[in-house]
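Whatever order the structure lists ligands and atoms in, that order sets their numbers, starting from 1. In this chain, numbering begins with 1 at the start of the sequence shown. These numbers come from a predicted model, not from an experiment.
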Amino acid sequence: MASRYHAVYAGWKQDPDGFWADAAAAIDWFSAPDRIFDAEAGVYGQWFPDATCNTCYNAVDRHVAGGRADQAALIYDSPITGRKKTFTYGELKAEVEALAAVIADQGVKKGDRVIIYMPMVPEAVFAMLACARLGAVHSVVFGGFAAKELATRIEDSQPRLIVSASCGVEPGRIVAYKPLLDGAIAMARHTVERCIVLQRPEQGCALVEGRDVDFADAVAAAKASGRTVPCVELAAADPLYVLYTSGTTGQPKGVVRDNGGHMVMLEWSMGHEYGIEPGEVFWAASDVGWVVGHSYIVYAPLLHGCTTVLFEGKPVGTPDAGTFWRVIAEHGVVALFTAPTAFRAIKGQDPKGEHVGKYDLSKFRTLFLAGERADPETIKWAEQKLGVPVIDHWWQTETGAPISNNPIGLGQLPVKYGSPAVPMPGYDMRVLDDAGHELEAGTLGNVVVKLPLPPGCLPTLWNADDRFRSAYLDEFPGYYKTADAGYIDEDGYLFIMARTDDIINVAGHRLSTGGMEEVVAEHPDVAECAVIGIADAMKGQVPCGFVVLNSGVARGAGDIESEVVRLVRDRVGPVAAFKSVVVVKRLPKTRSGKILRGTMQKIADRQAWMMPATIDDPAILDEITAALNERGIGI
Ligand code: COA
Ligand code: AMP
């Protein structure tokens with residue numbers, strides 16, 4: 001079948017408002033949009049300025065009303081705890097309504113923020129939808145972050161309530177969440193009035209008298225009293241959530257998502273990009289703490305009337321490298337979305353793909369990969385072992401949905417290895433040099449999006465319009481800066497090669513090396529430091545720290561290195577995978593004092609490098625090389 005992509009993309013370019021008006025017809029509005037885009041409102045304009053809606057209504061209630069009450073909405077599959085449970089749309093509605101009543105009882109109203117700090121349990125999804133129902137703005141914080149990161153998010157979003165759990169379960173260990181929660185609340189300058197805490201059977205926790213509410217007891221009471229909570233009518237531009245993501249400093253950016261534009265974009269993407277029909281089973285093997293989890297575990301599949309899988313486990317080790325195929329076969333999954341690193345982990349343990357043959361994957365149609373650059377070897381391995389199209393697609397927390405994709409629903413385009421394919425409607429992509437001049441096809445530069453951004457993208461940063469402008473809009477006026485470097489080839493395919501800032505991608509998790517440097521610098525014996533991302537065969541990149549000690553420090557370097565590793569784990573969290581630190585005598589710098597991180601990275605990755613013309617003292621690079629070789633760091 002010839003792809004309809006080129007005609008659809010051209011149709012959007014010719015009449016963007018008409019295109020989004022048609023897409024908006026797939027959503028149930030309280031008051032449907034008369035105007036599609038207001039260029040004068042907001043920082044760069046506003047989508048559906050006069051419409052009103054509710055996201056929970058579209059994700060849950062309308063399916064119950066429309067005949068899907070008995071269809072599975074959510075399948076919880078947790079190989080790490082040995083539990084499985086399916087919730088129909090009818091059951092999902094009952095859970096969400098009861099929890100919404102409990103949340104409302106804590107004084108939460110439309111516009112209030114609620115932090116959700118939970119592992120991959122169904123209650124995390126119920127909490128997101130309950131907030132959406134009430135018009136409260138949720139902010140999910142990934143469980144692998146430490147108390148300090150949670151505290152930063154509490155201070156910035158100023159939540160009225162936190163919904164949390166007693167623990168998470170990681171391979172070989174229980175992660176007690178409650179000490180992290182209590183520690184963060186104690187650290188933050190904002191006072192959190194109430195917490196709702198889910199007691200998990202693996203490990204309970206003590207509740208704080210007068211502050212903490214037992215999740216299960218409160219929900220049971222709300223159900224027993226037959227409380228129902230209606231979906232609150234919200235402006236399309238009202239925020240649905242704030243999701244914090246790494247910026248270039250330790251202060252994360254609060255990416256805001258609206259209700260109306262977000263629904264329109266996600267609903268459009270499910271059919272046209274992912275090629276999924278309502279009623280089918282879609283699985284994003286991510287975490288609700290990341291944007292992929294927000295968009296493609298929770299909102300998009302439910303908006304589209306699909307069954308979504310909530311998987312609490314790892315691609316390997318829970319119990320083996322066949323767990324993904326077991327889930328696909330058991331639940332009839334038609335499309336899986338995950339990060340390339342998960343496939344590198346599987347391939348590492350089962351290079352011949354022997355586990356694949358043990359399962360019936362006859363319903364499985366497509367594998368989607370995103371979160372980091374998908375290396376051609378991994379794509380080819382997956383294609384060969386699974387016998388389905390493997391689609392690399394590119395997006396960011398800021399966009400909430402793919403910027404570029406190979407739109408299966410419109411008819412697949414030829415795959416070009418190393419490319420996340422072509423821009424989706426709404427995205428007018430350009431590649432600019434540092435002075436803002438447009439570059440020819442095939443030339444590497446700054447990848448930018450001509451404004452306005454499409455529906456569903458961030459309208460701003462939480463309480464920080466100026467930071468939004470300076471981080472994304474000021475450098476290339478009229479464009480949104482993706483902070484990715486890449487090029488567009490003669491056929492219009494994008495190639496995304498690297499970040500232009502200090503963000504690194506560790507096992508598909510986005511982290512700021514600048515943020516880690518701020519933590520390392522706090523160690524009392526450290527005079528100065530640099531953190532860079534170095535290549536890792538499984539995780540793509542891992543951080544590596546270089547520290548120069550204060551003069552006169554007599555303690556052994558090994559002790560200090562261990563303390564620095566511990567400090568980053570305690571402050572940023574285990575997810576940073578910060579395990580390598582080298583004490584060095586000096587850091588390589590330019591004559592103006594800028595640390596040569598790029599050159600250090602090339603040395604660590606054993607790539608060819610050129611002596612920077614502006615280097616202060618070339619001998620320092622030999623010292624760095626020797627230190628890395630001595631420690632066996634790098635590939
Ligand atoms: N709560 C507490 N700790 C967590 C956590 C959570 N929710 N998630 C991860 N961690 C911890 C892990 O236990 C690990 O700790 P350790 O240093 O004590 O071993 C550390 O954070 C790093 O975790 P992770 O990144 O999961 O690495 P891993 O080595 O355990 O597993 C992979 C490697 C590739 C299997 C895993 O990273 C993975 O599945 N990645 C897919 C990523 C993904 O889905 N990204 C979303 C974008 S689509
Ligand atoms: P996050 O906001 O965590 O989704 O991370 C977004 C960043 O991950 C992007 O800016 C890219 O640097 C990188 N990324 C995501 N998907 C891809 C992809 N398919 N190819 C290359 N890089 C990607």
**OP:** Find all atoms of ligand 2 within a distance of less than 4.0 Å from any non-hydrogen atom belonging to Thr397, and give their numbers and elements.
**Re:** 1 (P), 2 (O), 3 (O), 4 (O)

Subject >> Top protein contact for atom 22 (C) of ligand 1, by heavy-atom distance >> reply: Pro574 O, 3.7 Å

Original post:
Nearest to atom 6 (C) of ligand 1, what protein heavy atom do you find, and at what distance?
Top reply: Gly144 N, 3.4 Å

Original post:
With atoms numbered from 1 as shown, which atoms in ligand 1 lie under 4.0 angstrom from a non-hydrogen atom of Lys314?
Top reply: 9 (C), 24 (P), 26 (O), 30 (O)

Original post:
Measuring from the heavy atoms of Ala285, does anything fall under 4.0 Å of ligand 1?
Top reply: yes

Subject >> Shortest protein heavy-atom distance from atom 16 (N) of ligand 2, along with the residue and atom involved >> reply: Gly371 N, 3.1 Å

Subject >> Residue part near ligand 2, for Trp395, under 4.0 Å between non-hydrogen atoms >> reply: backbone

Original post:
Using the benzene-type ring in the case of Trp, are the ring centres of His304 and Tyr274 under 6.0 Å apart?
Top reply: no

Subject >> Any N or O of Thr338 closer than 3.5 Å to N or O of ligand 1 >> reply: no

Original post:
Checking ring pair (Phe, Tyr, Trp, His ring centres under 6.0 Å) against His393, which of Phe337, Tyr427, Tyr296, Tyr493 comes through?
Top reply: Phe337

Original post:
Of the protein's non-hydrogen atoms, which lies at the shortest distance from atom 18 (C) of ligand 2, and what is that distance?
Top reply: Glu372 O, 3.3 Å

Original post:
Is there side-chain contact between Lys178 and Leu180, with heavy atoms separated by less than 4.5 Å?
Top reply: no

**OP:** Identify, by atom number and element, the atoms of ligand 2 in contact range of Asn505, meaning under 4.0 Å from any of its heavy atoms.
**Re:** 8 (O), 13 (C)

Original post:
Less than 4.0 Å between a side-chain N and a carboxylate O, is that true for Asp489 and Lys416?
Top reply: yes

Subject >> Passing candidate, ring pair (Phe, Tyr, Trp, His ring centres under 6.0 Å) with Trp283, options Trp325, Phe364, Phe311 >> reply: Phe311

Original post:
Which part of Arg173 is near ligand 1, with near meaning a heavy atom under 4.0 Å away: side chain, backbone, both or neither?
Top reply: side chain

Subject >> Arg344 and its side-chain hydrogen bond (donor to acceptor under 3.5 Å, both in side chains) partner, picked from Asp375, Asp536, Thr378 >> reply: Asp375

Subject >> Short N-O contact, Arg200 and Glu312, less than 4.0 angstrom >> reply: yes

Subject >> Residue part near ligand 2, for Val292, under 4.0 Å between non-hydrogen atoms >> reply: neither

Original post:
Using heavy atoms and a threshold below 4.0 Å, how should the contact between Asp392 and ligand 2 be classified: side chain, backbone, both, or neither?
Top reply: side chain

Original post:
Just heavy atoms, cut-off under 4.0 Å: does Met538 contact ligand 1 by side chain, backbone, both, or neither?
Top reply: side chain

Subject >> Numbered atoms of ligand 1 (with element) below 4.0 Å of Val575, judged on heavy atoms >> reply: 21 (O)

Original post:
Please state which protein non-hydrogen atom is closest to atom 12 (O) of ligand 2 and give its distance, to 0.1 Å?
Top reply: Asp484 OD1, 2.6 Å

Subject >> Nearest candidate to atom 43 (C) of ligand 1, where distance is taken over non-hydrogen atoms, out of Ala339, Ala342, Ala577 >> reply: Ala339

Original post:
Does some non-hydrogen atom of the protein lie less than 4.0 angstrom from atom 41 (C) of ligand 1?
Top reply: yes

Original post:
Can you name the residues that form a salt bridge (charged side-chain N to carboxylate O under 4.0 Å, His left out) with Lys85, not counting sequence neighbours?
Top reply: none

Subject >> Contact with ligand 1 for Arg569, non-hydrogen, under 4.0 angstrom >> reply: yes

Subject >> For atom 36 (C) of ligand 1, closest protein heavy-atom neighbour >> reply: Ala507 CB, 4.6 Å

Original post:
Any idea which part of Arg499 is under 4.0 Å from ligand 2, heavy-atom wise: side chain, backbone, both or neither?
Top reply: side chain

Original post:
Can any side-chain N or O of Ser512 pair as donor or acceptor with the backbone N or O of Ile503 at less than 3.5 Å?
Top reply: no

Original post:
Which ligand 1 atoms, with their elements, are less than 4.0 angstrom from a heavy-atom of Gly143?
Top reply: 1 (N), 2 (C), 6 (C), 7 (N)

Subject >> For His272, all residues meeting ring-ring contact (aromatic ring centres under 6.0 Å, His included), sequence neighbours excluded >> reply: Trp268

Original post:
Does the Thr482 side chain pair with the main chain of Val447, one donor and one acceptor, at a distance under 3.5 Å?
Top reply: yes

Original post:
Does an N or O from Asp287, backbone or side chain, lie closer than 3.5 Å to an N or O of ligand 1?
Top reply: no

Subject >> Atom indices of ligand 1 within 4.0 angstrom of Val292 heavy atoms, with elements >> reply: 48 (S)

Original post:
What do you reckon, are the aromatic ring centroids of His355 and Phe324 less than 6.0 Å apart?
Top reply: no

Original post:
Does at least one non-hydrogen atom of Lys579 fall below 4.0 angstrom from an atom of ligand 1?
Top reply: yes

Original post:
What is the nearest protein non-hydrogen atom to atom 8 (N) of ligand 1, stated with its residue, atom name and distance?
Top reply: Phe142 CZ, 3.4 Å

**OP:** Would you check whether Tyr177 reaches within less than 4.0 Å of ligand 1, judged by its heavy atoms?
**Re:** yes

**OP:** Report yes if some N/O of Ala345 lies less than 3.5 Å from some N/O of ligand 1; otherwise report no.
**Re:** no

Subject >> Nearest-neighbour protein heavy atom for atom 27 (O) of ligand 1, which is reported as residue plus atom name and distance >> reply: Lys539 NZ, 3.0 Å

**OP:** Could you tell me whether some N/O pair between His509 and ligand 1 is separated by less than 3.5 angstrom?
**Re:** yes

Original post:
Would you call Pro315 a ligand 1 contact, heavy-atom distance under 4.0 Å?
Top reply: yes

Subject >> Row check, Tyr244 ring normal vs Lys253 NZ/CZ: under 6.0 Å, within 45° >> reply: no

**OP:** With atom 46 (C) of ligand 1 as the reference point, say which of Ala284, Ser286, Gly289, Gly348 has the nearest heavy atom.
**Re:** Ser286

Original post:
Which pair of non-hydrogen atoms, one from Lys450 and one from Tyr479, has the smallest distance, and what is that distance?
Top reply: CA-CD2, 3.5 Å

Original post:
Does the distance from a Lys or Arg side-chain N to an Asp or Glu carboxylate O, for Glu561 and Arg631, drop under 4.0 Å?
Top reply: yes

Original post:
Between Glu354 and Lys385, is there a salt bridge with N-O shorter than 4.0 Å?
Top reply: no

Original post:
Is the Tyr480 ring parallel, tilted or perpendicular to the Tyr472 ring (thresholds 30°, 60°)?
Top reply: parallel

Subject >> Salt-bridge present (Arg571, Glu518; N to O < 4.0 Å) >> reply: no

**OP:** Measure the distance from atom 3 (O) of ligand 2 to every protein heavy atom, then report the residue, atom name and distance (to 0.1 Å) of the closest one.
**Re:** Arg510 CB, 3.3 Å

Subject >> The single option from Arg257, Arg510, Lys481 passing salt bridge (Lys or Arg N to Asp or Glu O under 4.0 Å) against Glu398 >> reply: Arg510

Original post:
Is ligand 1 less than 4.0 angstrom away from at least one heavy atom of Gly371?
Top reply: no

Original post:
Between Arg469 and Glu475, is there a side-chain N and carboxylate O pair less than 4.0 Å apart?
Top reply: no

**OP:** Among all protein heavy atoms, pick the one closest to atom 10 (N) of ligand 1 and tell me residue, atom and distance.
**Re:** Glu170 OE1, 3.4 Å

Subject >> 4.0 Å heavy-atom contact, Glu372 with ligand 1 >> reply: no

